[in-house]
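As structure tokens, the structure follows; a few thoughts come after it.
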Amino acid sequence: MTHKKRFNLLYVYLLRFDSPFLMSSVRIYLPDNSYKEFDFEPTVLQVAESIGSRLAKDTLGAQIDGGSEVVDLRTPLKDGTKLSIVTKGSPESLEVIRHSAAHLMAQAVQEIWPEVKVTIGPVIDNGFFYDFDSPFPFTPEDLKKIEKKMNHLLKKNEPVVKEVWSQAKAIEVFSEMKENFKVEIIKDLGEDEVSIYKQGEWFDLCRGPHVQKMGQIKAIKVQHTAGAYWRGDENNPQLQRIYATAFNSKEDLQEHLQLLEEAKKRDHRKLSKDLGLVYNHPFAPGAPFFTEKGTIIYNQLQAYMRECYIKYGYHEVISPQIFDNQLYEKSGHDANYKDDIFATKIGERDFAVKPMNCPGHCLLYGATKKSYRDLPWRIADFGRLHRNEKSGALHGLTRVTTFCQDDAHIFCRMDQLFDEIKSFMTFLNEVYQCLGMSNYKIFLSTRPEKRMGSDEIWDEAEAVLEKAVKELDLPYTINEGDGAFYGPKLDIMFVDALKRPWQLGTMQADFNMPKNFELKYVGEDNANHQPVMLHRAILGSLERFIGVYLEHTAGRLPTWLAPTQVVVMNITSNHDSYCRELTELLAEQGVRAHYDDRNEKLGFKIREAQLQKIPFMITVGDKEVSDNAVSVRLLNGKNINGIDKHEFIKNLCSEIKERKLTTHLGDN
RNA sequence: GCCCAUGUGGCUCAGUGGUAGAGCACACCCUUGGUAAGGGUGAGGUCGAGAGUUCGAUUCUCUCCAUGGGCACCA
């Protein structure tokens with residue numbers, strides 16, 4: 001603090017307490033610790049005005065007392081408030097802009113179709129939506145019309161005015177307008193007063209924050225429509241949702257739209273088709289075929305996990321595909337999961353296709369008498385699972401009806417739990433590092449509404465997981481009510497190259513299933529005890545993982561995973577025998593090499609190999625044949641010419657064997 | 001499951017109330033060409049399935065199936 005300020009502070013102090021005739025002053029602190037004084041409680045905007053007219057013009061909201069919530073610029077500030085003004089330059093400003101843009105969209109819709117009723121329109125990541133109660137669905141042409149209308153309204157640059165109404169008045173006004181959803185919201189709020197934001201003639205019930213004038217929204221884009229249930233409940237009426245976004249500048253909007261384009265290019269459904277990895281047929285909805293190429297990725301991942309299983313003390317098992325439904329009655333699946341199980345009746349007997357491995361593994365545990373010395377008992381299973389997903393839920397490889405998890409169950413004693421969780425996290429970290437997936441977050445998902453077992457059991461299970469992450473010093477977030485029906489989970493959320501989160505790995509603590517199956521081990525005390533069951537997966541399902549990984553890498557797989565690792569290209573048919581020998585040599589070393597001997601120009605072959613994202617392209621011409629060498633082109637376009645043939649193969653083999661991340665492929 | 005949209009050769013997509021077209025891929029021929037598409041010729045589709053309207057449907061209507069965008073669901 002400067003000398004002058006310190007003096008001011010003292011002076012004001014004296015004024016406040018020694019001059020009863022003056023109104024006590026209100027002091028608002030700015031981020032640089034300086035402050036502004038008022039003899040009334042100023043609004044955010046008034047503070048901004050006192051600093052400068054330019055700042056006032058750019059003001060969109062504020063954050064107060066170090067909080068992250070953005071408050072409305074019309075908010076009166078109490079003495080001592082620490083104020084950080086949000087202007088159009090700050091990322092928080094988007095929230096304000098989008099909030100107002102949502103109102104603008106609702107206004108546009110109601111000006112075009114007065115019969116459409118409004119509900120709510122919140123800001124979401126990257127944009128906002130507004131849910132309308134409309135007698136007709138919006139067409140793409142309607143969306144264009146809405147966008148046009150919004151741009152027209154923007155030009156009018158109407159000021160946004162806040163009013164505070166009594167609950168009674170608000171109910172009366174909105175009832176008269178037949179805005180019944182709004183009336184319901186006001187009643188549910190149960191507040192004596194509610195705030196209303198007006199632009200021109202149009203107004204909406206809203207908590208804010210909002211811009212000063214609509215013209216502060218610089219760029220909007222109406223994106224797409226969707227059906228959505230009122231209050232997210234499928235028993236409620238379905239509304240018409242319109243998604244849109246808004247930005248501080250046309251450039252920012254352009255940039256965002258480009259990012260969406262990029263994400264579209266990386267869509268695993270497109271990539272898996274273009275790279276020839278997966279095939280889908282309407283006769284098997286949600287059940288992908290893996291082609292000969294896709295199967296290589298699938299099997300390589302499994303082989304990798306199998307190697308890790310040896311290191312981490314897991315034993316692989318194979319369990320039945322179809323069980324008598326009594327198994328699922330016993331496990332609790334019949335009560336909690338029936339809708340998703342493929343079931344069939346043969347004669348008088350009910351059968352079910354297994355939706356998960358755990359009940360079968362409980363049977364296998366019970367097959368032999370276990371001593372405390374046998375624990376932890378870790379069994380892994382790549383068994384095929386089938387789940388009868390609701391039709392609308394299917395999505396590429398990430399949501400399918402049949403899949404295979406890198407699944408394992410650990411049966412252990414209570415005192416072994418911590419070490420098991422720790423070992424799992426080490427295992428997971430090793431795998432994710434190997435795959436270049438270092439960015440992941442941990443969520444602790446707690447008891448869901450639909451669950452089995454007593455609250456005491458749940459208390460214990462949740463506490464065990466929480467204690468473990470705390471002791472391991474891992475940062476985590478609680479995900480209330482998102483646990484499995486048999487136990488809480490630690491969910492691993494992988495964040496991909498485009499910053500999108502995906503749930504892959506999981507570690508679940510289950511005290512319920514061991515109880516249902518009356519699982520026991522004989523303790524040191526020669527008495528029976530119940531083991532704890534841990535359900536865990538690192539990749540999640542192979543299908544889902546491959547989908548996510550394709551998007552993360554944009555299809556540029558590390559060499560060890562690439563279906564074709566090397567393509568050999570001759571320049572003329574004179575080099576044919578050399579190429580043939582080279583390809584055989586590579587194959588002998590276990591390298592997946594393809595010889596492109598087509599009568600085509602080199603540029604053409606390169607282009608195809610490039611589009612197929614093959615890590616190594618070898619070109620062979622007169623030079624290479626005479627030097628017994630190879631020239632290599634990498635996916636990033638770099639060339640390494642004239643390497644000794646054997647040296648190249650040696651290096652390549654070690655890259656594959658060590659499962660190196662191919663950084664030379666370019667930025668993933 | 002719900003709302004909306006879409007479905008045309010292997011792929012990407014035009015198009016029409018009078019039984020269809022392009023590019024790529026494919027086959028054959030010419031071309032032997034050093035780092036992202038050489039040229040020519042040809043074959044290939046009862047326009048997702050079923051029903052209806054119509055003299056006539058790939059086109060209009062309905063139902064179903066699948067896919068896409070969401071919602072809900074995701075043990």
Side-chain angles (χ1 to χ4, degrees), chain A residues 129 131 134 136-140 142-143 223-243 264 267 269-270 273-274 276 279-286 328 331-341 355-356 358-359 385 387-396 398-401 445 448 450-452 482-487 489 491 503 506 508 510 512-513 535 540-541 544 569-576 598-612 617-624 631-635 637-639 641:
Chain A
F129 65 76
D131 283 348
S134 169
F136 59 89
F138 299 109
T139 64
D142 290 341
L143 296 191
Q223 293 167 300
H224 52 267
T225 56
Y229 300 104
W230 169 237
R231 301 206 152 159
D233 186 336
E234 61 183 323
N235 300 312
N236 284 343
Q238 190 148 29
L239 307 168
Q240 302 288 328
R241 175 170 298 178
I242 302 180
Y243 285 90
K264 219 172 169 181
D267 190 320
R269 289 166 304 184
K270 179 173 161 51
K273 199 179 211 176
D274 291 350
Y279 172 68
N280 281 288
H281 193 278
F283 285 174
Y328 299 109
S331 69
H333 286 81
D334 197 67
N336 291 283
Y337 200 62
K338 198 178 179 68
D339 289 349
D340 281 22
I341 299 181
M356 46 180 65
C358 35
L385 307 177
R387 299 182 186 182
N388 190 11
E389 300 285 355
K390 287 184 180 176
S391 58
L394 300 175
H395 183 94
T398 56
R399 195 76 183 274
V400 287
T401 55
S445 299
K450 194 175 177 186
R451 60 174 183 266
M452 64 180 183
D482 212 30
F485 74 80
Y486 48 69
K489 314 188 281 181
D491 283 326
Q503 202 234 293
T506 186
Q508 312 173 356
D510 180 2
N512 283 310
M513 231 169 275
H535 308 240
S541 86
R544 186 174 162 76
M569 297 176 278
N570 60 343
I571 288 166
T572 76
S573 54
N574 294 335
H575 318 115
D576 191 59
R598 291 175 303 172
N599 181 8
E600 294 289 353
K601 291 177 90 170
L602 187 61
F604 182 85
K605 295 184 185 181
I606 295 267
R607 179 184 147 82
E608 291 211 338
Q610 214 38 72
L611 291 174
Q612 285 296 303
M617 291 163 246
I618 292 181
T619 52
V620 174
D622 291 342
K623 241 184 299 173
E624 286 75 19
S631 288
V632 181
R633 181 191 159 107
L634 306 175
L635 254 186
K638 274 191 196 140
N639 287 296
N641 292 328

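We name chains A, B, ... by the order of the sequence lines, and we start the count at 1 in each one.
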Watson-Crick or G-U counterpart of B:G21, or none if no pair lies under 3.5 Å: B:C13
Just to be sure I understand the rule, does A:Gln240 reach a base, reach only the sugar-phosphate, or reach nothing, if contact means heavy atoms closer than 4.0 Å? sugar-phosphate
Closest to the A:Lys390 side chain, choosing from B:G1, B:G38, B:A36: B:G1
Identify the nucleotide, in any strand shown, that forms a Watson-Crick or G-U wobble pair with B:C64, with both distances under 3.5 Å; if there is none, say none. B:G48
With sugar-phosphate meaning primed atoms plus P, OP1 and OP2, does A:Arg241 contact a base, only sugar-phosphate, or nothing at under 4.0 Å between heavy atoms? sugar-phosphate
Any donor-acceptor pair under 3.5 Å between the side chain of A:Tyr279 and the base of B:G10? no
Pair A:Tyr229, A:Arg231: side-chain N/O donor-acceptor within cut-off below 3.5 Å: no
At under 4.0 Å between heavy atoms, which parts of nucleotides 63-69 of chain B does protein reach? Answer with one letter per nucleotide, 5' to 3': B base, S sugar-phosphate only, - none. ---SSSB
Measure from the side-chain heavy atoms of A:Thr619 and tell me the nearest of B:U32, B:A72, B:G34. B:G34
Can you tell me the Watson-Crick or wobble partner of B:U35, both distances under 3.5 angstrom? none
Worked verdict on A:Lys390 versus A:Asp339 for side-chain contact (heavy atoms from CB on, under 4.5 Å): CA-CA 9 Å; A:Lys390 287 184 180 176; A:Asp339 289 349; 6.0 Å; no
For A:Gly637, which contact category applies under a 4.0 Å heavy-atom criterion: base, sugar-phosphate, or nothing? nothing
Assign the ring pair A:His333 / A:Phe485 to parallel, tilted or perpendicular, where the plane angle (0 to 90°) is split at 30° and 60°. perpendicular
Indicate, with a heavy-atom threshold strictly under 4.0 Å, whether A:Tyr486 touches base, sugar-phosphate, or nothing. sugar-phosphate
Mind checking A:Asp339 for me? I need base, sugar-phosphate or nothing, with any heavy atom below 4.0 Å counting as a touch. nothing
Looking only at the side chain of A:Phe604 (C-beta and beyond, no hydrogens), which of the listed nucleotides B:U32, B:A25, B:C3 gets closest? B:A25
Pair partner, B:C74 [Watson-Crick or wobble, under 3.5 Å]: none
Does the side chain of A:Asn639 come under 3.5 Å of the side chain of A:Asn641 through a donor N or O and an acceptor N or O? no
Out of B:U32, B:G34, B:A72, which has the shortest distance to the side chain of A:Glu624? B:G34
Short heteroatom pairs, N/O only, protein and nucleotides 11-13 of chain B, under 3.5 Å:
{"residue": "B:U12", "atom": "OP1", "partner": "A:Lys273", "partner atom": "NZ", "Å": "3.1"}

For A:Met617, answer base if it contacts any base atom (sugar-phosphate contacts may also be present), sugar-phosphate if it contacts only those atoms, and nothing otherwise; contact means non-hydrogen atoms under 4.0 Å. nothing
Among the nucleotides B:A36, B:G38, B:C73, which one has an atom lying closest to any side-chain atom of A:Glu600? B:G38
Of B:U35, B:G33, B:A36, the nucleotide closest to the side chain of A:Ile571 is B:G33
Which nucleotide in the set B:G38, B:U35, B:A36 lies at the smallest distance from any side-chain heavy atom of A:Leu602? B:U35
Here's a test of your reading of the structure: between A:Glu234 and A:Asn639, which maps to the more 5' nucleotide of RNA chain B? A:Asn639
Which nucleotide sits closest to the side chain of A:Ile606: B:C26, B:A36, B:U32? B:A36
Determine which nucleotide pairs with B:U41, using a 3.5 Å limit on both distances of a Watson-Crick or G-U wobble pair. B:A27
Position toward the 5' end of RNA chain B (nearest nucleotide), A:Ala228 or A:Thr139: A:Thr139
Is A:Asn641 touching bases, backbone alone, or none of the nucleic acid, heavy atoms closer than 4.0 Å? base
By the 4.0 Å heavy-atom rule, please label A:Leu611 as base, sugar-phosphate, or nothing. base
